[in-house]
Amino acid sequence: MVVNKLSWMTGGAQGSGVDSAANIFGRSCTLGGLHVYGKREYYSNIIGAHSYFQIRVDEKPIRSHVDTIDMLVTFDEETLFRHYGEVVKGGAILYDPALVEMTLSRIPTLEPEVISKITAELNEFGLPPTVKGILSIAEQRGAKLFPIPFAELLGTLEAEMGKDAGANLKKTVNTMAVVSSLGILEFDFDMIVKGIEVQFSAKRKVVSMNVKAAEKAYEYANREYSKQFTFRLKKIITDEKRLYLQGTQAVALGKLAGGCTFQTYYPITPASDESVYLEAHETFRLTDGTDSQEGSIVVVQTEDEIAAITMAVGAALSGARAATATSGPGFSLMAEGTGWAGMNEVPVVITVYSRGGPATGLPTRHEQGDLLFSLYAAHGEFPRLVLASGDMEEAFYDAVRAFNYAEQFQTPVVHLIDKALANSTQTYPMFDTRKVIINRGELLAEDAVVTNGSEMYKRFELTEDGISPRARLGTAGAIYWNTGDEHDELGHITEDPENRNRMMEKRMKKLETAAQVIPLEEKVNFFGPKEADATIVSWGTPKGAILDAMELFEKDGLKVNFLQVRLIHPFPVEYVSGVLNRAKRKINVEMNFSGQFASLVRQHTGIAMDHLIVKYNGRPISRDEIYESVTMIMTNPKAPRKVVLQHGA
Amino acid sequence: MVVNKLSWMTGGAQGSGVDSAANIFGRSCTLGGLHVYGKREYYSNIIGAHSYFQIRVDEKPIRSHVDTIDMLVTFDEETLFRHYGEVVKGGAILYDPALVEMTLSRIPTLEPEVISKITAELNEFGLPPTVKGILSIAEQRGAKLFPIPFAELLGTLEAEMGKDAGANLKKTVNTMAVVSSLGILEFDFDMIVKGIEVQFSAKRKVVSMNVKAAEKAYEYANREYSKQFTFRLKKIITDEKRLYLQGTQAVALGKLAGGCTFQTYYPITPASDESVYLEAHETFRLTDGTDSQEGSIVVVQTEDEIAAITMAVGAALSGARAATATSGPGFSLMAEGTGWAGMNEVPVVITVYSRGGPATGLPTRHEQGDLLFSLYAAHGEFPRLVLASGDMEEAFYDAVRAFNYAEQFQTPVVHLIDKALANSTQTYPMFDTRKVIINRGELLAEDAVVTNGSEMYKRFELTEDGISPRARLGTAGAIYWNTGDEHDELGHITEDPENRNRMMEKRMKKLETAAQVIPLEEKVNFFGPKEADATIVSWGTPKGAILDAMELFEKDGLKVNFLQVRLIHPFPVEYVSGVLNRAKRKINVEMNFSGQFASLVRQHTGIAMDHLIVKYNGRPISRDEIYESVTMIMTNPKAPRKVVLQHGA
Amino acid sequence: MELEVKTAEPKPKQLKLADYKTDVHNDWCPGCGDFGILSAVQMALNDLQIEPHRAVIFSGIGCSSKLPHFVKVSGIHTLHGRSLPFAIGAKLANPALTVVCAAGDGDGLGIGVGHFVNAGRRNVDFTYILHNNGVYGLTKGQASPTLRLGVKTKSLPMPNINEGVNSLLLALASGFTFIARGYSYEVKHLKELIKQGILHKGSAYIDVQQPCPTYNDINTKDWYAGEDRMDANTRNPLPRIYKLEDTGYDPLVKADSSDEEIQQKINRFIEKAMEWGDKIPIGIFLKNESVSTYEMRIQERIKTYFSSPPGTRNIADTEGCSNADLSAFFAELQVT
Amino acid sequence: MELEVKTAEPKPKQLKLADYKTDVHNDWCPGCGDFGILSAVQMALNDLQIEPHRAVIFSGIGCSSKLPHFVKVSGIHTLHGRSLPFAIGAKLANPALTVVCAAGDGDGLGIGVGHFVNAGRRNVDFTYILHNNGVYGLTKGQASPTLRLGVKTKSLPMPNINEGVNSLLLALASGFTFIARGYSYEVKHLKELIKQGILHKGSAYIDVQQPCPTYNDINTKDWYAGEDRMDANTRNPLPRIYKLEDTGYDPLVKADSSDEEIQQKINRFIEKAMEWGDKIPIGIFLKNESVSTYEMRIQERIKTYFSSPPGTRNIADTEGCSNADLSAFFAELQVT
Ligand SMILES: Cc1ncc(C[n+]2csc(CCOP(=O)(O)OP(=O)(O)O)c2C)c(N)n1
Ligand SMILES: Cc1ncc(C[n+]2csc(CCOP(=O)(O)OP(=O)(O)O)c2C)c(N)n1
Ligand code: SF4
Ligand code: SF4
Ligand SMILES: [Mg+2]
Ligand SMILES: [Mg+2]
């Protein structure tokens, strides 16, 4: 028996309820005290194209997906055709027996590449191009086939509940499929009921019908198949408070906690989920204990991303903690506005959700392709900070820090998130909002502007650390000017070469100040033994897969450590050099074609990474891919310098 | 006597005829067989702010300005206040004696920095804040003061020519000032007359009046001051055909020679001069000998730079050699469009004229601040070529090559020019249009598309070198699709991970192909001895100052060589590594704050430069600055790593 | 004015409707109004017997902008909001092309509206079809610029906080010389509008009311059909959509129309353009023949523009060298 | 409708015109129309006795956009074409600010016109002054979007190849609720327009005809004054500029105006907006009081918006920790 360790997947056409089915599974597990990590894949399409949801379950926190499936839960044929090959020996495939005669050619959404791969395999086995054919292959490879006669079960239900329920009942097929799997796993049925209740909390009416359907499915599947299956999920009692959330929610909550009062956005995948969440949560209480909804954020949908960045900057000038969130194409349009903010020392946060590029690229797929662009976006030179979060907890706290940094150093901050983080779901211990410190830097209070009669307030006063006391627009005594032109301390245009030098030096000085002021633990994470045979360097979401793989290295007795860089700019040169100078085999991991981070490391330290593990097929890196590629590099003296990961449907 | 070696300057309010005055000087010299290098400085202003024009004259080609002035030719007080300090011992100041009582405080356009510097100096000498005061300082430092009584000379002229000429005569003051200087230099008067004729070729009517004024001024100044002055300009007979041109004209001519038939632009300093020149030269003959104006270019002024890049890309799809020209702010807006062109393998040329950034920055001043941005502009990864020209001749031929590369490798090409190059004037041996080879790469002719019935033309056919035969829109048999989404060979959207890998690899492969195909001499220039005590590395316009300084190093017996990188991307890694590995002292020279090129060198080669010579006050680097800073580095063991050049008014 | 266009006599090698269809899988939602627009485009091209390689469809980004992939003429699926400048570039480089743009309302009237307004000043010869569904479809249903103030469609957390823009009025103010509105379930009518648009010399704008059953639950097919309001007598729905040409409306402005006539026509135009809600006119609102195209203006400056346009003009001699004779320009700059 | 605004009774500490002037050197060309606009802005602020720290002037990039540096209220000189979104952001974050934008015609109607059209849908409370000189001044005289087809100003190598856009019509189509035109040499009249614009609750657009003596040698001060056409009898010039309010024109649309009345007003508006050449009306074209401001719409959703707006709301408790109580939101996501 394998208890509380499972890789589970469901799939289906977009709009057919795959998400809600998967969430019932995820929620039930989390309610039962288990940890989950869920990964969603979908096409740039609204209805009809194939999407799937893979969930790993464990007793301890998990942070990544794996390449194999222990349980494939389906209710359409496309999911079977696409994923039968991923099911492990001893794993299970749940399916609708009514679909077994469906042929490959009847599915218009399968890419030629996919069809030819399946066809080749069927030919090898001498099987027909039907569901039956591929199921047979899976079976021969050791998967268990668990047909769930949905029609029959629905029939019984209809008989019990009366004809009227008919049409709506059909919609419970997803629930039935999911709960069948939980039945086989013998999971606590009460948790499933709770899971259904939470999932359908907005549509109370359908809860009871789904619960009935669940009962039927649970009972049937449990009875028929449990004994043949060696995986189990068992409820765990815990008093740890946990969240089950998505990346975009983590960032949104971080922004609210961090005092963001103004967010602009232009719709774009996957960033806009964050803004829509904020819009739906635009008012909230304050901790002063009053009952009123004094807390609020104004969310503005703009006409484009140029307006999004410039409007956020305008709001920041009025004193708001202001942000915008976007993805690659939108960020490309924000370059000029970002430069203006840099020139005028305006604190503004830009949350960039990387996705497959270039151009429109793979809008719903994953990539970390915008690293170098985020460092150099906009003509000319000005200070900016770039930070990259590796998981949802970091994303939450970094969202706060981004504002603190922005106001402390009075400069734009780019917060790099990515598609994988945005759309995955994970359990975390409750975030601690008491840890959220607000540092507004040198922001002048309403009554703090003291200028003696003749002297004007100097917005760009030259100071030691490059930081000038900042006043909101509208502050008495603090009239000032901004201009994108080079300017004097008052903010008026001047082309004087000496003033130019002073102002360039003042602005760029802030990067040095930031590098000094920001504590090391906010810049980097270091995991594993100090001395190791291989040192992995990475940034952003590969973190989860690397950490999960490190548990396997440990088991294998391989000594591997891992440096995660979170503050990309200003780059923690000394620390990274130190680690790499000590490192025996230096392995860079990131999700882009050219190894952008590795080139940045070399730019700053002169050190070339020994190996690049990269992936650019649009699908996130799994634990297994890290495990296998790093092991290969460590054990094979002829390992290539660049290893391209390929997994993912 | 110093013959045919002169640094000359004139200045005055914008709109007061400084340019035309300077050009009379420049043209007269060039007509007399001399070489000139002219540098223009002006404010972001239309009328009234101070501008100046510095011209060096020599018998051999010269490529840069120097920090000192041998002859300062003025007709207003501001020019005197701003530039008196630059005149060398033995140099001359020509001025209007009517202005001597003018006070510093009467000039509203002087920056506080400038005023306080002058005031401090006047105080030191115990002199009043007048023109007289600063002239006295100059005189004490060895400058000769040559007052030219313009009012008097004009009076005589008016008496000779009749009252009617009066008002127009006043406008000849500039001419008189300039010709006075030529009179003192005893330059051939016929050349001056020719110079005036050429300068006023569009306004024939004023020629004779200016010639008369010139006669008076020449005669007066020659008579009064020649003997006191030790510089002379002498006509040289040469049968070399020479051009006297500006950087924007060189690029425009290169584009026309290179077959550019479509140019878009949105007005911006200093790029739009190029487009306006093209517009004014939109039709021309072809070499087929016919008399007709068959040659043409369509120049479109767009609504913004987003339209400029996308419209150029659209035209390229129809088969045009298409380009756009812009500066920093405009280029920031072009990021997204550039990425689309990369994704769809569209040949398009973007001429970027760098100027002082960030944001609006110093729009009429100089900087090389956009190097790294030009490499990474736009989200995601796609191939692009970036080339940087070091002088006008390179700019001309590179403008042609940019199109050849764009079509050979089917990708956007960024051609980096800068403000210094755009607005300087220089003499060159006639460009050789027979050297202009047109390479359209794999462009299919109208009748070359052969697809057998069922098979469609594949715009993105997978090939060995990544390059697919390209058809214009409208070609019979060649229907095809483009999309910014990842696509298959036909150009239709697909999210298949394997196709994604193939297409990413196909596109990026073109960078390797380009690196192989482009000959070394188009990538780099190497000057000086193979073995040297110091190796200067640079890109773009510092070239001229470095080459001119190298003549001085040679005289001093310092062994210095110089590597100029012209193809920035793909970076000539091997060659640069080779040179730098041999180099004793590695000195990087560029015009920006952070030494962008040096960081690029390190990124590609791991090699850190020993010294950075940078400048970011908005004024170009002079020969003297290179000479002094490099000498200092080579002779002073405690020379700082970063030397910031400061010269320029 | 006749709405229907008499089409060319069948040629020997007549192109069929099927010749304008690709076999690319169409992934629009079931019941999406875009299907009707797609059919109308294919039918219009077929009716006009335009050779597929001579036509190009440009689009931006959005559900609607996937359209070019389904039509078997060349298709350029550009960037969000940018179909117009791409299209104009291609057209100006080869004025022989038939250029059609398909854009969403977010694409064309939100992020891309700057190009729309500025295109009006040029009058380049293209046909611009705007899929007006009131929402940003492909990004999951946010309000588009045409959605009216206070309307709350399915996926909005709150009622729309912006007023909707009237794109017909905007097209007029921008200078479009052909302005029409179609409805995606009146496919034949729409086809005729598109044909007229293509035949019109200049920039043609066609606003198409396009139900998005997935996200816009207000302006549905039933709503356009008036299923929510029944005639008390006939017990039939009272459709909101009606045809301008059935009311005797005359959209034609000729080169020699008097100022007074033009003013009158514009008043009428505005009256009709402002109708919404209970009565939604479709048809041709304006056909202004008095304005030259941008291409004609270029031709006045560059005499060989049409015969030797930027896209196909030869730029090299037989030896592969530049064929530009710049000696006159060099002479201007020559000094010795 | 009265054009002149009765201003507040002099307060004890009355602000003087000089209090609205900076000592920054003004580098506009001699005779530039921008000087008149600058004076009108300063006078309007002074007449309304707006405390300098409560007002902000935004601008784009261009000669005209240097204006904020010359006015002693806060001034944000932004990016080319972007004054509106910057201004809207600042205003929404602090609705107590008086927000004025100054933009060039290239800036506001070329590169920035997308923001213009989309601002119309929002009706945020600001006043937008467009310096309409027909050229791109600061980049040396290229044609701006308002220059008409075929006009050849000094610095154009060829006559203008684009038609000019009618910005009043465009403002109407975009939804601006206050639309006016001024002339930079009618400073007092312009001042009143600006005051009206500032007092109007919503987005006010003021097109200002602004001669550029350096580059626009067609629409000069003399041309506006009609110096080129003399009355045969009086031998006086026949000015092109005239005042709408002298003709009894009524721009007011009230919340309760009937549809018919509105239609009539719009027809009148368009008639006047299309006048050009021989007769150029200035004055208020539209003052629509029937539309809510964006700020009011936010206030409906967020009850504490005006009292505790984004710019000044307190976000930390006395210990410097976040004062956001997100427990309700965490509860939605909590599982154990
Ligand atoms: C610069 C940029 N911003 C945002 C997006 C994301 N995006 C894709 S489609 C779309 C909107 C589509 O709405 P619409 O134009 O109305 O077309 P529809 O889907 O409704 O047909 C957006 C905002 C993008 N692709 N590019
Ligand atoms: C993105 C960008 N493109 C181009 C420019 C260059 N530019 C500066 S001012 C200007 C035009 C000014 O014209 P207008 O807006 O009419 O103002 P005016 O000078 O006539 O007052 C342009 C194009 C810029 N600053 N930024
Ligand atoms: S979301 Fe709407 S517009 Fe998009 S395909 Fe579906 S129905 Fe059509
Ligand atoms: S160029 Fe024209 S608009 Fe600009 S300052 Fe001079 S006169 Fe005024
Ligand atoms: Mg839409
Ligand atoms: Mg202008």
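Proteins come first, then strands; the chains are lettered A, B, ... in the order of their sequence lines, and each starts at number 1.
- In this structure, C:Asp23 places its CG atom where only 12 or fewer heavy-atom neighbours from other residues, nucleotides or ligands lie under 6.0 Å away.
- If you measure heavy-atom distances from B:Asp239 to chain C, you find no contacts under 4.5 Å at all.
- Of the atoms belonging to B:Arg242, heavy atoms from both backbone and side chain fall under 4.5 Å from chain C.
- Nearest heavy atoms, C:Ala324 versus B:Leu256: CB-O, 3.6 Å.
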(Q) What verdict does the side chain to side chain donor-acceptor pair (under 3.5 Å) test give for B:His281 and C:Glu332, after you've listed the backbone C-alpha separation in whole Å, the side-chain angles of each residue and the deciding distance to 0.1 Å? (A) CA-CA 11 Å; B:His281 296 79; C:Glu332 287 172 13; 2.9 Å; yes
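- With respect to C:Ser74, the side-chain contact (heavy atoms from CB on, under 4.5 Å) criterion is satisfied by exactly one of B:Asn482, B:Ile479, B:Leu317: B:Ile479.
- The candidate with the highest count of non-hydrogen atom pairs below 4.5 Å against chain C, out of B:Thr238, B:Asp485, B:Thr427, B:Thr475, is B:Thr475.
- When all heavy atoms of B:Leu243 and C:Phe330 are compared, the pair lying nearest together is CD2-O, 3.6 Å.
- The backbone N or O of C:Asp325 sits nowhere less than 3.5 Å from a side-chain atom of B:Thr287 that would complete a donor-acceptor pair.
- Side-chain atoms of B:Trp481 come within 3.5 Å of backbone atoms of C:Pro68 as a donor-acceptor pair (strictly under, hydrogens ignored).
- Interface residue C:Leu326: only side-chain heavy atoms are found under 4.5 Å from chain B.
- Contact annotation for B:Ile493: both backbone and side-chain heavy atoms come within less than 4.5 Å of a heavy atom of chain C.
- Only the side chain of B:Arg440 has a heavy atom closer than 4.5 Å to any heavy atom of chain C.
- For B:Tyr277, the part sitting under 4.5 Å from any heavy atom of chain C is the side chain, from C-beta outward, and nothing else.
- Under a 3.5 Å cut-off, the side chain of C:Arg82 and the backbone N or O of B:Ala307 do not form any donor-acceptor pair.
- Residues of residues 115-131 of chain C placed with any heavy atom under 4.5 Å of a heavy atom in chain B are listed by number as C:His115, C:Asn118, C:Arg122.
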